[in-house]
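Treat the numbers as computed from the prediction; the structure is a model and nothing was measured. Residue numbers begin at 1 in each chain, while the letters A, B, ... track the order of the sequences. Just the heavy atoms: all of them, side chains too, but no hydrogens, waters or symmetry mates, feed the values below.
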Amino acid sequence: MILVYVNTDNGLSKASKEVVTYAKKLGDSITVITNGNAPNNVLSELGQYGASKVLVDRSVSTDDLQQLIDLVAYSAEATGANTIIFSHDLVSKAVAPRLSVRLKAGLVSGAIDIPNAEGAIRVNVFSGKAFGFVKVNSVKKIVSLLPNSFQPEIIGGNCSVEEYSSGALKGRVKVLATKKPEGEIPLPEADLVVSAGRGLKGPENWGIIEDLAKSLGAATACSRPVADIGWRPHHEHVGQTGVAIRPNLYIAAGISGAIQHLAGVNGSKVIVVINTDQEAPFFKAADYGVIGDAFEVLPKLTEAVNKFKSSQN
Amino acid sequence: MKILVCISKAPDTTSKIAFTSDKSSFDENGVQFIVNPYDEWYALVRALELKETNGGNVTIITVGNVADETIMRKALAIGADDAVRIDSDPKDAYNTAMQIAEYAKGQSFDLIMVGKETINYNGSQVGGMISEALGLPFVSLASKLDFLGNKLTLEREIAGGIQVVEVDTPAVISCAKGMAEQRIPNMRGIMAARTRQLTVIPPISVEELTSYVSYDLPPVKSSCKIVSADNMDELVQLLHNEAKVI
Ligand SMILES: Cc1cc2nc3c(=O)[nH]c(=O)nc-3n(C[C@H](O)[C@H](O)[C@H](O)COP(=O)(O)OP(=O)(O)OC[C@H]3O[C@@H](n4cnc5c(N)ncnc54)[C@H](O)[C@@H]3O)c2cc1C
């Protein structure tokens with residue numbers, strides 16, 4: 001019996017479909033536990049990815065992460081689950097380690113594969129510079145799956161949704177305010193990412209990055225110095241000391257490709273590098289390279305993308 | 001204010017990552033170790049700032065062997081008051097967290113701070129585990145932390161934004177970028193740290209819930225295809241037809 005925690009605050013994210021697909025590869029009987037206000041007809045779609053049923057506790061808010069721990073712990077007990085799966089995101093980073101101690105369940109964070117023949121699970125280590133294979137020694141197990149490591153697969157129809165009252169207690173951390181810029185694609189979940197570095201020379205020049213991102217439907221990212229000097233917000237900083245991402249496409253303009261930057265992005269399926277300097281180290285990690293001035297290349301690329309998109313319609 | 005900062009050693013960010021020939025462990029040959037950047041730049045420096053405004057003391061703790069004394073002295077040079085080492089090769093996050101929780105139990109710390117993750121294992125596990133073991137509230141991935149009365153006000157990262165939260169001390173906080181600025185230790189600090197007494201404590205016996213059985217390096221990319229800057233239509237076609245990503 002496998003329990004999957006899915007966050008449905010913004011409907012069914014790609015990550016939620018990924019974790020259910022992943023769980024289905026590990027076993028047959030999959031219960032999803034969630035919280036919040038997503039309508040039943042939306043939740044029932046998780047059945048298509050392999051869930052047998054969805055339990056929803058509408059009294060628990062994601063703002064109260066301590067209460068979420070109770071919710072997952074109680075539902076694990078109620079369903080007799082020995083394996084609990086999360087998406088490796090900001091919620092699981094707060095909840096899964098505490099749950100691991102509470103249930104004495106070994107935690108594998110940031111899994112990128114199903115267990116191999118020896119039962120070990122592949123994870124990124126050294127900030128993406130290498131892989132490690134982790135074995136869980138305890139009977140109970142918790143795995144958090146790195147977003148974009150697994151493609152969601154539709155295998156069936158909708159499943160039942162049951163209201164669940166866990167009786168989880170309120171936590172001691174009080175939320176005073178939430179600041180959420182609207183309409184942005186969360187970087188760790190993005191399939192396509194357009195990123196820029198110091199080569200862009202100043203924050204006023206980011207329009208050409210945003211234009212390309214918009215044409216592609218991509219999220220935006222940046223190198224560390226760019227976030228440090230305040231040209232871009234910190235949450236866009238990717239690399240060894242920033243966010244680690246593995247999109248299908250990473251386009252890097254005006255970024256030299258320092259080892260610490262590469263660490264966070266070299267899990268990307270395809271990398272395109274745009275740089276004036278043909279000796280830039282980033283070209284060694286790239287699949288496609290354009291030697292040229294970002295200020296000229298990016299608008300042309302945006303135009304080419306727009307042309308391609310309109311030809312597709 | 002009594003603060004405990006958990007620090008871990010990590011290979012310098014420019015290190016070449018290599019493994020022993022049987023791939024069972026990290027090859028430490030020629031590797032320079034540093035204090036894990038999140039522990040140093042954010043957790044330790046913010047702890048020192050809080051001490052400077054509110055009084056109190058800052059203790060750093062690490063689970064490690066005698067070689068880790070270099071990073072402990074670095075933390076002392078930056079300004080920590082005391083340094084504790086639990087004398088055990090670090091195993092999994094659970095074992096590490098239980099060792100630290102055992103030490104912290106009797107000490108009534110107001111605040112226990114950890115970096116958001118280590119740059120070698122990237123687990124983001126130890127802070128949450130300590131909080132659960134001690135029954136303390138936990139705020140993860142905090143990018144700002146203020147202290148007034150016995151209340152902490154923090155900003156923490158949530159999906160696509162920031163949340164402002166409040167919690168009473170004692171609490172466990174994992175620290176991310178934004179919380180403080182890196183401090184370079186001065187000569188006096190470095191000299192004074194050299195001769196300071198380090199506390200060494202024997203480990204307790206705790207199981208490991210997980211173990212790393214092997215490692216591997218990612219496949220090397222084949223060569224990069226250069227596309228002319230004047231032919232972005234070609235790049236789009238390659239991304240569509242060849243790479244199949246758009
Ligand atoms: C402990 C530690 C941790 C670090 N962690 C990170 C991390 O997580 N992420 C990170 O990104 N960095 C990190 N760094 C910093 C890293 O070492 C590099 O300094 C940084 O990545 C460089 O950023 P950049 O490529 O934007 O700038 P630069 O290195 O200055 O490169 C700018 C590039 O732009 C090109 N360029 C200039 N003009 C143009 C133009 N008009 N068109 C096209 N190209 C142009 C240049 O040729 C150059 O290659 C870390 C460093 C340390 C010491």
Side-chain angles (χ1 to χ4, degrees), chain A residues 66 89-90 93-94 97-98 100-102 106-110 118 120 124-127 129-138 171-181 184 186 216 234-235 240-241 248-249 259-260 269-270 283 285-292 297 300-301 304-305 308, chain B residues 11 13-14 17 37-38 93-94 97 119-125 127-129 131-133 137-141 143 157-168 177-178 207-218 221 224-227 229 232-233 235-236 238-240 243 245-246:
Chain A
Q66 206 172 325
D89 58 14
L90 294 160
K93 283 178 189 177
R98 298 198 60 158
S100 164
V101 172
R102 173 109 40 115
L107 168 59
V108 181
S109 329
E118 284 85 48
N124 279 336
V125 289
F126 297 95
S127 305
K129 291 177 188 167
F131 301 126
F133 293 84
V134 190
K135 235 178 170 159
V136 178
N137 307 323
S138 49
R172 285 176 277 171
V173 177
K174 206 169 102 194
V175 174
L176 303 180
T178 299
K179 306 174 201 168
K180 246 186 192 171
E184 281 179 24
L216 285 167
H234 284 317
H235 67 254
Q240 186 159 13
T241 51
N248 286 336
L249 174 63
I259 187 166
Q260 299 94 349
K269 197 171 150 219
V270 173
F283 285 117
D287 299 279
Y288 301 101
V290 180
I291 299 160
V297 173
K300 283 190 202 155
L301 179 54
V305 169
F308 166 75
Chain B
T13 55
T14 55
I17 303 302
Y38 293 106
Y94 178 78
I119 60 167
N120 36 357
Y121 291 97
N122 309 97
S124 222
Q125 298 186 3
M129 288 178 167
S131 77
E132 184 68 24
F138 175 51
V139 178
S140 55
L141 299 168
S143 50
E157 286 176 51
I158 56 165
I162 287 287
Q163 202 161 56
V164 186
V165 302
E166 185 184 78
V167 66
D168 289 342
K177 187 172 185 177
E207 71 243 72
E208 291 154 57
L209 296 184
T210 60
S211 19
Y212 278 86
V213 288
S214 64
Y215 297 89
D216 213 346
L217 291 170
K221 285 236 170 183
C224 165
K225 201 176 252 183
I226 298 293
V227 181
M232 286 302 102
D233 289 328
L235 179 59
V236 170
L238 286 168
L239 293 176
H240 179 62
V245 288
I246 60 173

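- Residue with the most contacts toward chain B among A/A286, A/G106, A/A177: A/A177 (heavy-atom pairs, distance under 4.5 Å).
- Considering only heavy-atom pairs separated by less than 4.5 Å from chain B, the leading option among A/V270, A/V108, A/N137, A/D89 is A/N137.
- The greatest number of non-hydrogen atom pairs below 4.5 Å with chain B, out of A/G132, A/S100, A/S127, A/A94, is found for A/S127.
- The contact between B/L239 and chain A is made entirely by side chain atoms (from C-beta outward), counting heavy-atom distances below 4.5 Å.
- Looking at A/A285, only its backbone comes within 4.5 Å of chain B, counting heavy atoms on both sides.
- A/R172 meets the salt bridge (charged side-chain N to carboxylate O under 4.0 Å, His left out) test with no other residue; sequence neighbours excluded.
- From A/Y288, atom OH reaches atom CD1 of B/I226 across 12.0 Å, with rounding to the nearest 0.5 Å.
- Side chain of B/D216 to backbone of A/F131: no donor-acceptor contact under 3.5 angstrom is found.
- Counting heavy-atom pairs under 4.5 Å between each of A/L216, A/L90, A/V136 and chain B puts A/L90 at the top.
- At least one side-chain heavy atom of A/V125 sits less than 4.5 Å from a side-chain heavy atom of B/Y212.
- For A/I291, the parts lying near chain B are the backbone and the side chain together; criterion is any non-hydrogen pair under 4.5 Å.
- Contact record, A/V290 with B/L235: CG2-CD2, 4.1 Å, taken as the closest heavy-atom pair.
- To the nearest 0.5 Å, atoms CD (A/Q66) and CD (B/E132) are separated by 8.0 Å.
- Across all non-hydrogen atoms, the minimal contact from B/I158 to A/T178 is CD1-CG2, 3.6 Å.
- Ranked by heavy-atom pairs under 4.5 Å with chain A, the list B/A133, B/G128, B/P37, B/C224 is led by B/C224.
- In this structure, the side chains of B/L217 and A/K129 stay at 4.5 Å or more apart for every pair of heavy atoms.
- The shortest distance between side-chain heavy atoms of B/V245 and A/K269 falls below 4.5 Å.
- With chain A as partner, the option from B/S214, B/S124, B/G161 having the largest number of non-hydrogen pairs under 4.5 angstrom is B/S214.
- In this structure, the portions of B/T210 lying under 4.5 Å from any heavy atom of chain A include both its backbone and its side chain.
- Heavy atoms of A/N248 lying under 4.5 Å from chain B belong to its backbone as well as its side chain.
- Under the 4.5 Å side-chain criterion, counting only non-hydrogen atoms from C-beta, A/V173 is in contact with B/V139.
- For a residue to count as touching a neighbouring chain, one of its non-hydrogen atoms must lie under 4.5 Å from one of that chain's; by this rule B/L141 touches chain A with the side chain only.
- Of the residues considered (A/V297, A/V305, A/I259, A/V175), A/V175 shows the highest number of contacts with chain B, using heavy-atom pairs under 4.5 Å.
- Taking every heavy atom of both residues into account, A/S109 and B/G123 meet most closely at OG-O, 3.2 Å.
- Pairing each heavy atom of A/Q240 with each of B/I119, the nearest pair is NE2-CD1, 3.5 Å.
- Between the side chain of B/Y38 and the backbone N or O of A/T241 there is at least one donor-acceptor pair closer than 3.5 Å.
- Across all non-hydrogen atoms, the minimal contact from A/K180 to B/A159 is CE-O, 3.1 Å.
- Between chain A and the residues B/S131, B/S140, B/G178, the largest count of heavy-atom pairs under 4.5 Å involves B/S131.
- Annotation: side chain of B/V164 is in contact with side chain of A/K179 (closest heavy-atom distance under 4.5 Å).
- In terms of heavy-atom proximity, B/F138 sits nearest to A/K93 at CE2-O, 4.1 Å.
- Of all the listed residues (B/D168, B/I17, B/T14), the one sharing the greatest number of non-hydrogen pairs under 4.5 Å with chain A is B/I17.
- Contact annotation for B/P137: both backbone and side-chain heavy atoms come within less than 4.5 Å of a heavy atom of chain A.
- Side chains of B/V236 and A/L301 form a contact here, defined as non-hydrogen atoms less than 4.5 Å apart.
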